[in-house]
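Reviewing the structure listed below.
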Amino acid sequence: MFRATTKKSVMEFQKTFNLPPDGVVGRATWDMLYRVYKGIEGNVEIPKPLPGIVPPTEPPPETDPPYPGMLLRVGSKGESVLLIQQYLNDISKVYSAIPKLAADGIFGKRTNKAVIAFQKQFGLSADGIIGPATWKRIVAEHNKITT
């Protein structure tokens, strides 16, 4: 349970690592927590499991590009937009309703139309905005056709 004491601890962590001290474990805070953990991991002794107890296995590392933590929409620019444009172009080879794009990293009107076409094709809310659900589905559909 995330209580006031946890929020306070998160805020202290954020202050220590020059992050906005809002007490929310968003993408930047999570990434920093992970980097700090990985930095000390070699200095922590992991106890041997007790006889008869099977230790949990770690899940395989995430290979899919992670959601960038912000909505992508008309006016957005950058690597995440470029990646999605490339993925949509690959998907458009199988689904002709999705228009081909100039992969330039700029979320303009054509990218908006392609996102809406994708969302309609796959039963998502067709608002032209790439949030976590649309991102995840684009990545999943891309993986299906490219692997």
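In this chain, numbering begins with 1 at the start of the sequence shown. Only heavy atoms go into these numbers, but all of them, side chains included; no hydrogens, no water, no symmetry mates.
Atom CD of Gln119 sits about 11.5 Å away from atom CZ of Arg137, to the nearest 0.5 Å. Within the model, atoms OG1 of Thr29 and CG of Asp22 stand 6.0 Å from one another, a figure rounded to the nearest 0.5 Å. To the nearest 0.5 Å, atoms CG (Leu88) and CG (Leu83) are separated by 9.5 Å. With rounding to the nearest 0.5 Å, the separation of CG in Asn112 from CD1 in Ile129 is 8.0 Å. With rounding to the nearest 0.5 angstrom, the CZ atom of Phe17 is 13.0 Å from the CG atom of Asp31. A distance of 6.5 Å separates OG1 of Thr111 from CG of Asp104, quoted to the nearest 0.5 Å.
A salt bridge between Lys8 and Glu12 is absent, with no side-chain N of the basic residue lying under 4.0 Å from a carboxylate O of the acidic one.
The shortest side-chain heavy-atom distance between Lys120 and Ile116 falls under the 4.5 Å cut-off. Contact check for Ser80 versus Met70: no side-chain heavy atoms found under the 4.5 Å cut-off.
The environment of Lys100 atom NZ is dense: over 12 non-hydrogen atoms of other residues, nucleotides or ligands sit within 6.0 angstrom.
Tyr34 and Val25 end up in different hydrophobic clusters when Ile, Leu, Val, Met, Phe, Trp and Tyr side chains are linked at under 4.5 Å. A continuous path of ILVMFWY side-chain contacts below 4.5 Å connects Leu33 to Val10, so both sit in one hydrophobic cluster. If you chain together hydrophobic residues whose side chains sit under 4.5 Å apart, Phe107 and Val139 fall into the same group. No single ILVMFWY cluster, assembled from side-chain heavy atoms under 4.5 Å apart, contains both Leu71 and Leu82. Placement of Phe122 and Leu72 within a single hydrophobic cluster is found when ILVMFWY residues are connected by side-chain heavy-atom separations under 4.5 Å, directly or transitively.
Closest approach of Pro21 and Lys15 over heavy atoms only: CB-CG, 3.8 Å. The two residues Ala117 and Pro99 have their closest heavy-atom pair at CB-CD, 4.0 Å. The two residues Ile98 and Ala114 have their closest heavy-atom pair at CG2-O, 4.0 Å. In this structure, Ala103 and Asn89 approach most closely via the heavy-atom pair CB-ND2, 4.3 Å.
Between Trp135 and Tyr67, the angle of the ring planes goes over 60°, which puts this pair in the perpendicular group of the 30/60° scheme.
Between the side chain of Gln14 and the backbone N or O of Val24, at least one donor-acceptor pair lies under 3.5 Å. With Thr134 contributing its side chain and Gly131 its backbone, the two residues share no donor-acceptor pair below 3.5 Å.
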